[in-house]
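In what follows, residues are counted from 1 in the order of the sequence shown. Indexing begins at 1, ligand by ligand and atom by atom, following the structure's order.
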Amino acid sequence: MCVSCAWGKPAKPHPLEFCENGAKATSWEVTNRRADRAFFAAHTLTELETWPDHDLEEQGRLTHPMRWDAETDKYVPVNWQDAFEEIGRELRAMPPEKVDFYTSGRASLETAYMYQLFARIFGSNHLPDSSNMCHESTSVALPESIGASIGTAILSDFQNCDCIFYLAQNVGTSSPRMLHDLQDAVSRGVKIVTFNPLHEPGLQHFVNPQMPGQMLTGKDTPISSEYYQVKNGGDIAALFGVCKALIEADDALKASGTSKVAGTDAIPDDPSDAGTVAFAAAMAAADKKHVLDHDFIRQHTAGFEEFAAAARKYDWAELERVSGLTRAQMQQAASTYANSNAVLMVYGMGLTQHVMGVQNVHMVVNLALLRGNIGKPGANICAVRGHSNVQGQRTVGITEKPGLVPLDKLATLYQFQPPEWIGHTTVETCKAILQGEARAFVSLGGNFLRAIPETVAMENAWRNLRLTVQIATKLNRSHVIHGEIAYVLPCLGRIEIDEQATGPQAVSVESSVAHFHGSRGRAKPASPELLSEPAIIAGMARATLTKGVVPWDRWVDDYSTIRDAIEQTYPETFKDFNKRMFHPGGIPRPLPARERKWVTRNGKANFITPDRLFPEFSLGAQSDDVLHLATLRSNDQFNTTIYGFSDRYRGVEGTRRVVFVNTADIARLGFSNGEAVDLVTAIDPETERRVSGFTIMAYDLPEGCCCAYYPEANPLFPLDHHDTKAKTPSYKLLPVRLVRSGVAPAH
Ligand SMILES: Nc1nc2c(c(=O)[nH]1)N[C@H]1C(S)=C(S)[C@@H](COP(=O)(O)OP(=O)(O)OC[C@H]3O[C@@H](n4cnc5c(=O)[nH]c(N)nc54)[C@H](O)[C@@H]3O)O[C@H]1N2
Ligand SMILES: Nc1nc2c(c(=O)[nH]1)N[C@H]1C(S)=C(S)[C@@H](COP(=O)(O)OP(=O)(O)OC[C@H]3O[C@@H](n4cnc5c(=O)[nH]c(N)nc54)[C@H](O)[C@@H]3O)O[C@H]1N2
Ligand SMILES: [Mo]
């Protein structure tokens, strides 16, 4: 399974079920370059700290376990057993609640299961993960709305829908394999209605080198049939507009009392809105009695009346101001929606990484529920996940919320008392580190210091940790800044052959569309000294734990026994796991909401009405110079891994320190295109947060918005700037000001 994104893998893979970014991620992992003994002998960490992120990772694969040596300020080789023993000694001397176990979304199901068990037997529920910064808004919102913690869509929904609402996700860069599914859909006449502040070239036309026909004829197939450049943070207003149009047209149709009479005459004067009247008239002409699916709403949902009342009450002018869309645009989207039988709702980070991220997701579900667009072929919610196993890790227990884990099962299987207190999310882990409460940070992959907000304060506080342990493939910022005792433990990548006592091992992952897949490494390991992730976790667990009865050695010898343990812990989800793991198309994960069984408190699918359209910020006296910043990925990076300095879809070459601004805003604020600026955070003025040496780039996005790349812009984000419930950092909406820069534009 690809080490890049989490998109699903069909039973019959496309001739080239592979993509540009999958290829980049693969070659980045199987590189010939090595960050070996000679490299670490030549550089102190103080020196490496001054290196750009790109150059650190570009040194290639880590080759041997290392410990920081205070005297020389270098990472020096250490043998595995000594490393495990010191880590074990240190951990045992700490209260479990002072140790945080972070996970990035790549580790396999087998690894993730072992890791959470290690943490829990040790006594800690601090299991923050990259998902806390990613789809946590989904994990909080969907259970409230439909009783599922993940999206309900599967691949075949792309073959059964006749319309796709495509919100806040950049398919060409972030999940290119999905282009196959979109292209097939478009060729069947499926309408794709896109909401995105940026005119993203990757969302407008298929530029698919894998379609030889397309290349030969130069045929340019559009992706989006309608493209709405919503302001960032304007989705609740935009979706309320769409819902309002649907609800009011339905009201008008109902009031007319006729279903057969076509034409405006049948529609009463009230509501007086010409657009609504025309919409309702068109529906009547098409012989429709209703715009909404009242049977579905009655049978399956709760909260409709309250939601409909809120939608009716909003003023169009207000919805236009906040969304940046016109009423005609919202009505057009509503009309396309109403004229489709099965609408698939697809969304990504542009909805989840917001102060109102959970409410954004609620709104997507609200729209879907109006016409029963959940739990029928082609109509579902598709939350596009990031890392290749980020969804699966949750499924096997990586979570700070012990309520989501069958603790009783773990207690019986491994004979220990699992902690029941609620652990840290990533934001809370940051807080604990800032306040000096966390003493040790164990990291299963990832680049925490670059992925989180509040970069400057966090880098300083990080150095006060007693122990940092990094299980990694490549050198990054979170390794060169380190605790008092610091280990870097290099592991095999998923692409590599993982030879254990019983032979080469396979692992498994869960895709974005809730199927489990087996994966077997094919490449020769980057170094003979690497251990697999399960072997490293087992090594640390044996050296640390004094409780619990776990067959760590047997598990490492034969990963199928870990899968047996996973099946014992989650018998329904992982039925016949070992037998089925290489089944073409994967093992489908049971999902009651797909069958319209709502595992919510009231047993219904819930309309949940957002309490407002937009978050409130305190911006001081002057606010007309404030822009709303969203941070983005380029086509030449995977999260904090920067492959290079080219974002070819967006036409950016040679630099990442750019800020995209609308031409009218550039003029209004007195700047010019190409000018060097600093970005300064406009909320929480007690702490100055600034990034310097950015170049203004005129770009097609709504007025009042601006965009810059992640992670370069992360120092701007205050730690407390996150969704209230999910605590997902608001990486897609931060008030900032542009100020003239004393610093020349940089790389
Ligand atoms: N090549 C590559 N692939 C990746 C990754 C990578 O870094 N590189 N990262 C992986 C990971 S972990 C993840 S989570 C996914 C991320 O994949 P995406 O969800 O695509 O993430 P982003 O690029 O951060 O932003 C997505 C889009 O949201 C839009 N947007 C910003 N703010 C708003 C808003 O307020 N409303 C709306 N409607 N849209 C908005 C942006 O213009 C952008 O097009 O990709 C995964 N795949
Ligand atoms: N401003 C801003 N910040 C963001 C985001 C944003 O959109 N804007 N997005 C957020 C999101 S969605 C996410 S998911 C996080 C990502 O946060 P993380 O998951 O912490 O970061 P990555 O960049 O994916 O981690 C890269 C590192 O993982 C290690 N690695 C790679 N492969 C393996 C492997 O197989 N095993 C092990 N053990 N290690 C490996 C390498 O050492 C590499 O340097 O960032 C978040 N931060
Ligand atoms: Mo992510």
- Go through ligand 1 atom by atom and flag the ones less than 4.0 Å from a non-hydrogen atom of Gly233. 34 (C), 35 (O)
Could you check ligand 2 for N or O atoms lying under 3.5 Å from protein N or O atoms and list the pairs with distances?
unit_1   : atom_1 : unit_2 : atom_2 : d
ligand 2 : 1 (N)  : Thr631 : OG1    : 3.1
ligand 2 : 1 (N)  : Asn714 : OD1    : 2.6
ligand 2 : 3 (N)  : Asn714 : ND2    : 3.2
ligand 2 : 7 (O)  : Gln353 : OE1    : 3.1
ligand 2 : 7 (O)  : Gln353 : NE2    : 3.4
ligand 2 : 7 (O)  : Arg633 : NH1    : 3.1
ligand 2 : 7 (O)  : Lys732 : NZ     : 3.1
ligand 2 : 8 (N)  : Thr631 : OG1    : 2.9
ligand 2 : 9 (N)  : Gln353 : NE2    : 3.2
ligand 2 : 9 (N)  : Arg633 : NH2    : 3.2
ligand 2 : 19 (O) : Ser104 : OG     : 2.7
ligand 2 : 19 (O) : His387 : NE2    : 3.0
ligand 2 : 20 (O) : Tyr102 : OH     : 2.7
ligand 2 : 20 (O) : Asn447 : N      : 3.0
ligand 2 : 23 (O) : Thr640 : N      : 2.9
ligand 2 : 23 (O) : Thr640 : OG1    : 2.6
ligand 2 : 24 (O) : His387 : NE2    : 3.0
ligand 2 : 24 (O) : Asn639 : ND2    : 3.2
ligand 2 : 28 (O) : Gly446 : N      : 3.0
ligand 2 : 30 (N) : Thr473 : OG1    : 3.2
ligand 2 : 32 (N) : Arg106 : NH1    : 2.8
ligand 2 : 32 (N) : Thr473 : OG1    : 3.4
ligand 2 : 36 (N) : Glu533 : OE2    : 2.7
ligand 2 : 38 (N) : Ile471 : O      : 3.0
ligand 2 : 38 (N) : Glu533 : OE2    : 2.7
ligand 2 : 42 (O) : Lys474 : N      : 3.3
ligand 2 : 42 (O) : Lys474 : O      : 2.8
ligand 2 : 44 (O) : Glu57  : OE2    : 2.7
ligand 2 : 44 (O) : Asn476 : ND2    : 2.8
ligand 2 : 45 (O) : Tyr710 : OH     : 2.7
ligand 2 : 47 (N) : Ala451 : O      : 2.7

- Item | Atoms in ligand 1 flagged as close to His354, the criterion being non-hydrogen separation under 4.0 Å | 34 (C), 35 (O)
- Message: Taking 4.0 angstrom as the limit and counting only heavy atoms of Ala168, give me the atoms of ligand 1 inside it, by number and element.
- Response: 19 (O), 26 (C), 27 (C), 28 (O), 37 (C), 38 (N), 39 (N)
- Going by atom types only, do Ser137 and Asp723 share a side-chain donor-acceptor pair under 3.5 Å? no
- Task: Establish, yes or no, whether a centroid distance under 6.0 Å links the rings of His205 and Tyr649.
- Result: no
- Item | Residues Gln391 and Ser511: side-chain donor-acceptor under 3.5 angstrom | no
- No-hydrogen, no-angle side-chain donor-acceptor test under 3.5 Å, Tyr228 and Ser323: no
- Query: Where does Gln169 meet ligand 1, judged by heavy-atom distances below 4.0 Å: at the side chain, the backbone, both, or neither?
  - Reply: both
- Are the charged groups of Asp636 and Arg656 less than 4.0 angstrom apart, N to O? no
- Query: What atoms in ligand 1 come closer than 4.0 Å to a heavy atom of Val230?
  - Reply: 38 (N)
- Do any heavy atoms of Pro197 fall under 4.0 Å from ligand 1? yes
- Item | Within-cut-off N or O pair, Phe195 and ligand 1, under 3.5 Å | yes
- Query: Is a salt bridge present between Glu58 and Arg34, judged by a nitrogen-to-oxygen distance below 4.0 Å?
  - Reply: no
- Do any N/O atoms on Asp235 end up under 3.5 angstrom from N/O atoms on ligand 1? yes
- Distance from Cys705 atom SG to Lys231 atom NZ, nearest 0.5 Å? 6.5 Å
- Message: Counting only nitrogen or oxygen atoms and a 3.5 angstrom limit, does Ser175 reach ligand 1?
- Response: no
- Query: Would you call Lys474 and Glu29 a salt bridge, using N to O less than 4.0 angstrom?
  - Reply: no
- Message: Regarding Arg33 and Glu57, does a basic nitrogen lie under 4.0 Å from an acidic carboxylate oxygen?
- Response: no
- Message: So if I count the atoms of ligand 1 from 1 in the order they appear, which ones are less than 4.0 Å from some heavy atom of Asn21?
- Response: 1 (N)
- Item | Carboxylate-amine/guanidinium contact Arg106 Glu533, below 4.0 Å | no
- Lys431 bridged to Asp720 by N-O distance under 4.0 Å: yes
